[in-house]
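One structure is given below, encoded as structure tokens.
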Amino acid sequence: VMRAVVAYESWFGNTGALAEAVADELRAEHDVTLVSVDDPPPSLEGVDLVVVGAPTHVHGLSSKFSRRAALEQKGEEREPGRGARGWLAELPLGEGRRAAAFDTRIDKPVVLVGSAGRTLARRLSRKGFALVAPAESFFVCDSEGPLEDGELERARAWARRVAA
């Protein structure tokens with residue numbers, strides 16, 4: 001049985017819902033731990049696959065500034081946390097373990113809106129993880145969501161390909 005960690009950053013629940021769908025699909029045959037990037041990175045002892053998802057903020061991974069803006073948009077007053085960027089910085093080296101990345105973004109060309117998933121994939125690769133698939137983007141209707149129709153099903157299908 002493969003052991004996997006699915007980690008996510010989510011501000012309006014969309015990326016979190018996708019991470020849950022990915023984790024649930026992987027759980028059909030594997031041992032999966034679902035964690036928020038607000039939690040410390042887990043030990044990679046015995047872990048075969050790491051999947052990380054994050055929303056696209058200002059053409060890439062969130063920053064302290066963009067996370068603070070998301071909190072203001074939600075009307076919340078709290079510290080914005082480290083986000084996926086900080087979580088990855090603390091993640092132990094991959095040492096050849098498999099990995100995959102995904103993001104949420106508006107369905108427009110990457111050159112216009114960017115892709116947090118591509119940045120996640122590059123950072124995972126630099127940390128010694130072997131990418132098993134290109135970064136995948138899942139689409140939201142607006143910055144707060146909801147997800148476009150069919151995206152949860154598409155995430156489940158993507159998870160099956162990643163596990164294979």
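One is the number of the first residue; the rest follow in order along the sequence. Predicted model, so just to flag it, every value in this text is computed and none were measured. What's counted below: heavy atoms across the whole structure, side chains too, no hydrogens, waters or symmetry copies.
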Heavy-atom pair with the smallest gap, counting every atom of [X] and [Y]:
X      : Y      : answer
Ala100 : Leu124 : O-CD1, 3.9 Å
Leu26  : Ala4   : CD1-CB, 4.4 Å
Asp103 : Ala116 : OD2-N, 3.1 Å
Ala21  : Arg156 : O-CG, 3.9 Å
Ala101 : Ala121 : CB-N, 3.8 Å
Tyr8   : Gly16  : CD1-CA, 3.6 Å

> Do Asn14 and Thr104 pass the side-chain hydrogen bond (donor to acceptor under 3.5 Å, both in side chains) test, and can you show the C-alpha distance, the side-chain angles, and the key distance before you say yes or no?
Replying inline: CA-CA 7 Å; Asn14 301 298; Thr104 51; over 6 Å; no
Salt-bridge present ([X], [Y]; N to O < 4.0 Å):
X      : Y      : result
Arg27  : Glu25  : no
Arg3   : Asp48  : no
Glu136 : Arg154 : yes

Can you confirm whether [X] sits close enough to [Y] that some side-chain heavy atom of one is under 4.5 Å from a side-chain heavy atom of the other?
X      : Y      : answer
Val6   : Thr33  : no
Phe129 : Val50  : yes
Arg82  : Glu90  : yes
Val140 : Phe12  : no
Leu49  : Val162 : yes
Leu61  : Arg123 : yes
Val110 : Arg105 : yes

Quick check for you: to the nearest 0.5 Å, what is the distance between [X] atom [atom1] and [Y] atom [atom2]?
X      : Y      : atom1 : atom2 : value
Cys141 : Ile106 : SG    : CD1   : 7.5 Å
Arg68  : Glu76  : CZ    : CD    : 13.0 Å
Arg118 : Arg122 : CZ    : CZ    : 8.5 Å

Is it true that, when you exclude [X] itself, more than 12 heavy atoms of the residues, nucleotides or ligands shown sit nearer than 6.0 Å to its [atom1]?
X      : atom1 : value
Glu29  : CD    : no
Asp149 : CG    : no
Glu45  : CD    : no

Quick check: is [Y] connected to [X] through a chain of hydrophobic side chains (ILVMFWY, heavy atoms under 4.5 Å apart)?
X      : Y      : result
Phe138 : Val22  : yes
Leu131 : Leu88  : yes
Leu34  : Val51  : yes
Met2   : Val47  : no
Leu93  : Leu120 : no

> Yes or no on side-chain contact (heavy atoms from CB on, under 4.5 Å) for Val52 and Trp87, after CA distance, side-chain angles and deciding distance?
Replying inline: CA-CA 10 Å; Val52 185; Trp87 189 87; 3.8 Å; yes
>> Angle between ring planes, His57 versus Trp11, binned at 30° and 60°: parallel, tilted or perpendicular?
In response: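 Geometry flag for Trp11 against His57: tilted rings.
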> Do Glu9 and Ser36 meet the criterion of a side-chain donor-acceptor pair at a distance under 3.5 Å?
Replying inline: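 Distance-only check fails for Glu9 and Ser36.
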May I ask you to decide if [Y]'s main-chain N or O and [X]'s side chain share a donor-acceptor pair within less than 3.5 Å?
X      : Y      : answer
Lys127 : Pro92  : no
Thr15  : Ser10  : no
Glu148 : Phe139 : no

>> Working note: Thr56 + Ser115, criterion side-chain hydrogen bond (donor to acceptor under 3.5 Å, both in side chains); need CA distance, chi angles, decisive distance, verdict.
In response: CA-CA 6 Å; Thr56 300; Ser115 167; 5.1 Å; no
>> Would Arg97 and Leu44 count as a side-chain contact (heavy atoms from CB on, under 4.5 Å) here? Give the steps.
In response: CA-CA 9 Å; Arg97 288 177 180 85; Leu44 294 181; 3.7 Å; yes
>> I'd like to know whether Ser62 forms a side-chain contact (heavy atoms from CB on, under 4.5 Å) with Arg85, so could you lay out the CA-CA distance, the side-chain angles of the two residues, the decisive distance to 0.1 Å, and finally the verdict.
In response: CA-CA 7 Å; Ser62 69; Arg85 181 186 311 261; 5.8 Å; no
